[in-house]
There are 2 protein chains.
Amino acid sequence: MSESLLKHIQRKTELSALEEEKLLSKIKYRTLKKKEQLLKEGEVCDFFCFIEKGCCRIYLINEKGNEQTLQFGIEDWWIVDYMSYNTEKPSAFYIQAIENSEVLIIPKKELEQLFKEIPKLERYFRIVLQKTFAATQMRIKFLFTMSAEERYLHFKNAQPEFVQRVPQYMLASYLDFSAEFMSKIRAGKI
Amino acid sequence: MSESLLKHIQRKTELSALEEEKLLSKIKYRTLKKKEQLLKEGEVCDFFCFIEKGCCRIYLINEKGNEQTLQFGIEDWWIVDYMSYNTEKPSAFYIQAIENSEVLIIPKKELEQLFKEIPKLERYFRIVLQKTFAATQMRIKFLFTMSAEERYLHFKNAQPEFVQRVPQYMLASYLDFSAEFMSKIRAGKI
DNA sequence: TTCATTTCTTGAAGTAGTTCAAGTTTTTTC
DNA sequence: GAAAAAACTTGAACTACTTCAAGAAATGAA
């Protein structure tokens, strides 16, 4: 428990044994059952969440009552509503486990303190965010330039295991088309 | 010159006079004429660019030969192709000045060295990236949930000065619809 | 102050998707 | 292992946009 986070950090920067201990003392381990919600619309996202095992997503519910997935997260990813975290205003999103999952939670108050005590953590998160943002710039490129079918094929090609792991209707909404259209694409009816 | 960057950093963390000096010695000041390109598709984005004055954008040219704007940047914003920066692979994008602009360039080699010498810079960029990514999460929400007209009205309401400042066809592509459709929205023909 | 270039506008025709409704299959639960 | 719930499929009707083509207006350059 928490081993995977320490390893992930160690890949980007080095923490002393004391720093590791300090960090671990502030982390809450939590298990989530499939469909369990870690954050609901209207609540403030006052934590960072690291996925040790399993799979989660950020999604919203639109005017028509349909869910739209903004981001998936699997092992070794952070999943956070950064707008809510930064501003401490209510979130527009839900964070939910798609599979039974094990996550690590660092409350904002503790994390901000940790940044002061362990400056190397700044480096770790700077690198994580830089990587995440790079992926998001590319995602916008794909949304802008590819048709629905192209986005599906591209995703399937880039993340074949992942396509098996999540319901197709969630993947459809992540790729910004309807569940019905996903069915037609997969059946080759497009 | 470079005053605005130091101020921007000072708002998020404190640098000593020595650290400021070290940083400034690695920064290149550059002016860009309207339409001048700082990065072209196929080149590696091996720098961070800070806009002191003016307005720039990241865009791509799609299959049909049309430009699509991925991001605008104005005073006090960083504009970087993070995927190309991180991987050192050729960029899929162009970075271009929309107005005559003054920018600060930090080459990757220097910046990575600066991170080691001035750990507080990690904090500064962690905070900048966290804010940028928060804005991008919201942008995806808007792209997912709003109609073309709603996206235009929302943007106009949130950034009224900005709508005056850039050609409407660039804004249309940023909001992910055609220049012709922008015309119709503005004429109230929708 | 004219010519060239860039930007914006308009309408008509086309299309890549959505929506709806109903049925089928798969997975979960007790 | 039966019932309930969740996920997927299908076709028909619709719509929010795009594309094309041509002209008008605004801006920039000599």
Side-chain angles (χ1 to χ4, degrees), chain A residues 32-37 54-55 57 59 61-69 72 94 96-101 142-156 162-190, chain B residues 32-37 54-55 57 59 61-69 72 94 96-100 142-154 156 162-190:
Chain A
L32 296 172
K33 290 223 168 121
K34 187 171 172 171
K35 304 218 173 153
E36 195 176 341
Q37 284 168 333
C55 179
R57 62 167 179 155
Y59 71 98
I61 297 185
N62 67 19
E63 288 180 332
K64 287 168 193 145
N66 295 324
E67 297 173 359
Q68 292 185 274
T69 298
F72 292 107
Y94 299 79
Q96 182 195 49
I98 300 175
E99 306 168 353
N100 291 337
S101 300
F142 299 141
L143 285 171
F144 274 18
T145 58
M146 292 179 180
S147 70
E149 187 179 21
E150 285 167 343
R151 293 200 297 279
Y152 171 67
L153 294 175
H154 178 267
F155 189 90
K156 200 175 105 170
F162 199 80
V163 174
Q164 315 293 72
R165 212 165 151 179
V166 302
Q168 298 301 304
Y169 76 92
M170 285 187 196
L171 184 52
S173 76
Y174 175 80
L175 296 172
D176 201 20
F177 51 79
S178 68
E180 294 90 339
F181 200 63
M182 173 65 100
S183 238
K184 285 162 195 175
I185 290 171
R186 291 179 5 120
K189 296 193 178 156
I190 303 301
Chain B
L32 296 172
K33 291 225 169 119
K34 188 171 170 170
K35 305 216 171 156
E36 195 174 342
Q37 284 167 332
C55 180
R57 63 167 178 154
Y59 70 98
I61 298 185
N62 66 20
E63 287 180 333
K64 287 169 194 145
N66 296 325
E67 297 173 359
Q68 293 186 271
T69 299
F72 291 109
Y94 299 80
Q96 182 195 50
I98 300 174
E99 304 167 355
N100 292 336
F142 300 141
L143 286 171
F144 274 18
T145 59
M146 292 179 180
S147 71
E149 187 180 21
E150 285 167 341
R151 294 200 296 278
Y152 171 67
L153 294 175
H154 177 267
K156 201 176 104 171
F162 199 80
V163 175
Q164 315 294 70
R165 213 165 151 179
V166 302
Q168 298 300 306
Y169 76 91
M170 285 187 196
L171 185 52
S173 76
Y174 175 80
L175 296 173
D176 201 20
F177 51 80
S178 69
E180 294 91 337
F181 200 63
M182 172 65 100
S183 239
K184 286 162 196 175
I185 289 171
R186 292 181 2 122
K189 294 190 179 158
I190 305 303

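Values below: every heavy atom of this structure, side chains too, minus hydrogens, waters and symmetry copies. Here is the naming used below: chain letters follow the sequence lines, and residue numbers restart at 1 for every chain.
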**Prompt:** How far apart are the closest heavy atoms of A:S173 and B:F144, and which atoms are they?
**Reply:** O-CE2, 3.4 Å
**Asked** Between A:S178 and C:dT18, does any side-chain N or O lie under 4.0 Å from OP1 or OP2?
**Response** yes
**Asked** For residues A:Y169 and A:E180, is any side-chain donor paired with an opposing acceptor at under 3.5 Å?
**Response** no
**Message:** If I take atom OH in residue B:Y152 and atom P in nucleotide D:dC17, what distance separates them, rounded to the nearest angstrom?
**Reply:** 15 Å
**Request:** Figure out the CD/P separation between A:E63 and C:dT18, and round it to whole Å.
**Result:** 16 Å
**Request:** May I have the distance from A:L143 (atom CG) to C:dA16 (atom P), rounded to whole angstrom?
**Result:** 18 Å
**Request:** Find the distance A:R151:CZ to C:dA16:C1' and express it as a whole number of Å.
**Result:** 10 Å
**Request:** Whole angstrom is fine here: how far is it from CE in B:M146 over to P in D:dA16?
**Result:** 17 Å
**Asked** In Å and rounded to the nearest 0.5 Å, what is the CE to CG distance from A:M170 to A:L175?
**Response** 13.5 Å
**Complete:** Smallest heavy-atom separation, A:Q168 atom then A:V163 atom, equals NE2-O, 3.0 Å
**Prompt:** What is the distance from CD of A:Q68 to P of C:dG17, rounded to the nearest Å?
**Reply:** 15 Å
**Item:** Length of the line joining B:I98:CD1 and C:dT6:P, which is rounded to integer Å
**Value:** 16 Å
**Request:** May I have the distance from A:E150 (atom CD) to C:dA16 (atom C1'), rounded to whole angstrom?
**Result:** 12 Å
**Item:** Aromatic B:Y59 / basic B:R57 pairing, under 6.0 angstrom, 45° off normal
**Value:** yes
**Per-nucleotide protein contact string for nucleotides 7-15 of chain D (B base, S sugar-phosphate only, - none; heavy atom under 4.0 Å)** = SSBBBB---
**Request:** Without swapping roles, check the side chain of B:R151 against the backbone of B:T145 for a donor-acceptor pair under 3.5 Å.
**Result:** no
